Amino acid sequence: MLIKLILNDADFETSLKHRRIAALGLLAVGLVGLGCYFLLVADSALPDFTRGFYLGAAAGITAGALILFLRSQYLLTHPQAMKKARIQECDERQRSILNASFKWAGCIVFFVSAAALFVLLPLSMAAFQTLLCVMALYAVSFLVLSWALEKRM
């Protein structure tokens, strides 16, 4: 869903080609993660949750990238399926649902993160600072993107 939002070109076929390239990039990230797991993490003294994170995240990214690549390739080679997908993605109702979902998800994550700061501060300064930096990045990117989109539109 995020790839569709980011790589939303005017020409649907170009958008599919860009998605296919993005899928290859994601596939490379997933394969690097799997390589790190098998070469560096699997037999190390790291805690179980760390090894599980490497394996789960890398496998999930790899699987998602493969699905995105295969779907994009399928749509590029089957004109009827591409036409149906284009109509579905260009539907204004679907776009408004997607935009509202991102808006509300962002609000929920931001406010839950703000509440989590109160819990993290006495427990782990590193986790507190990391979450605070992520929230600052979210706020700054929101402001910059709002300004840029306002100038563009």
Side-chain angles (χ1 to χ4, degrees), residues 1-10 12 14-75 85 88-153:
M1 217 29 110
L2 187 58
I3 295 292
K4 287 180 189 177
L5 189 66
I6 294 169
L7 300 175
N8 191 10
D9 298 322
F12 189 69
T14 303
S15 176
L16 288 173
K17 289 176 182 175
H18 288 162
R19 290 178 198 178
R20 189 173 54 183
I21 293 168
L24 291 174
L26 283 172
L27 184 60
V29 170
L31 291 176
V32 166
L34 286 173
C36 286
Y37 173 77
F38 287 113
L39 298 175
L40 303 173
V41 178
D43 296 326
S44 69
L46 291 171
D48 287 341
F49 69 87
T50 304
R51 291 190 307 235
F53 170 79
Y54 268 92
L55 183 58
I61 291 170
T62 302
L66 284 173
I67 291 169
L68 178 62
F69 180 81
L70 293 173
R71 182 176 187 274
S72 298
Q73 187 63 36
Y74 174 78
L75 291 176
Q88 188 177 23
E89 282 189 29
C90 294
D91 180 36
E92 287 298 320
R93 182 175 178 271
Q94 290 295 325
R95 285 183 179 237
S96 65
I97 289 170
L98 181 67
N99 290 336
S101 298
F102 271 106
K103 179 181 111 178
W104 285 106
C107 288
I108 290 167
V109 168
F110 189 81
F111 288 114
V112 168
S113 297
L117 287 176
F118 290 106
V119 175
L120 286 175
L121 183 58
L123 300 176
S124 171
M125 184 55 80
F128 173 84
Q129 290 172 340
T130 302
L131 187 57
L132 187 62
C133 287
V134 169
M135 290 178 66
L137 175 65
Y138 179 87
V140 168
S141 63
F142 174 79
L143 293 173
V144 169
L145 288 169
S146 294
W147 174 80
L149 290 173
E150 188 175 310
K151 294 283 185 190
R152 197 172 123 196
M153 293 182 173

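No hydrogens, no waters, no symmetry mates; every other heavy atom, side chains included, goes into these values. For clarity, every value in this text was computed on a predicted model and none was experimentally measured.
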Audit row: Lys17, Ile21, side-chain contact (heavy atoms from CB on, under 4.5 Å) steps and yes/no: CA-CA 6 Å; Lys17 289 176 182 175; Ile21 293 168; 5.6 Å; no
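Using a 4.5 Å cut-off on side-chain heavy atoms (C-beta onward), Leu98 and Arg95 make no contact. Taking the side chain as every heavy atom from C-beta outward, Leu16 and Phe12 approach each other to under 4.5 Å.
Not counting sequence neighbours, the partners of Phe110 by the side chain to side chain contact (heavy atoms under 4.5 Å, CB included) test are Met135, Tyr138.
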Atom pairs and distances, donor-acceptor, side-chain atoms in residues 45-70, under 3.5 Å, two or more places apart:
{"unit_1": "Asp48", "atom_1": "OD1", "unit_2": "Arg51", "atom_2": "NH2", "d": "2.2"}
{"unit_1": "Arg51", "atom_1": "NH1", "unit_2": "Ser44", "atom_2": "O", "d": "3.3"}
{"unit_1": "Arg51", "atom_1": "NH1", "unit_2": "Leu46", "atom_2": "O", "d": "3.3"}
{"unit_1": "Thr62", "atom_1": "OG1", "unit_2": "Gly30", "atom_2": "O", "d": "3.4"}
{"unit_1": "Thr62", "atom_1": "OG1", "unit_2": "Ala58", "atom_2": "O", "d": "2.7"}

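A pairwise comparison of heavy atoms in Arg19 and Arg71 identifies NH1-NH1, 4.3 Å as the closest pair. In terms of heavy-atom proximity, Leu117 sits nearest to Phe128 at O-CD1, 3.5 Å.
Interatomic distance, Leu27 CG to Arg20 CZ, rounded to the nearest 0.5 Å: 13.5 Å. Rounded to the nearest 0.5 Å, atoms CG (Leu132) and CG (Leu137) are 11.5 Å apart. Here Asp43 contributes atom CG and Tyr37 contributes atom OH; the two are 8.0 Å apart, rounded to the nearest 0.5 Å. Interatomic distance, CH2 of Trp147 versus CG of Leu143, reported as 12.0 Å (0.5 Å rounding).
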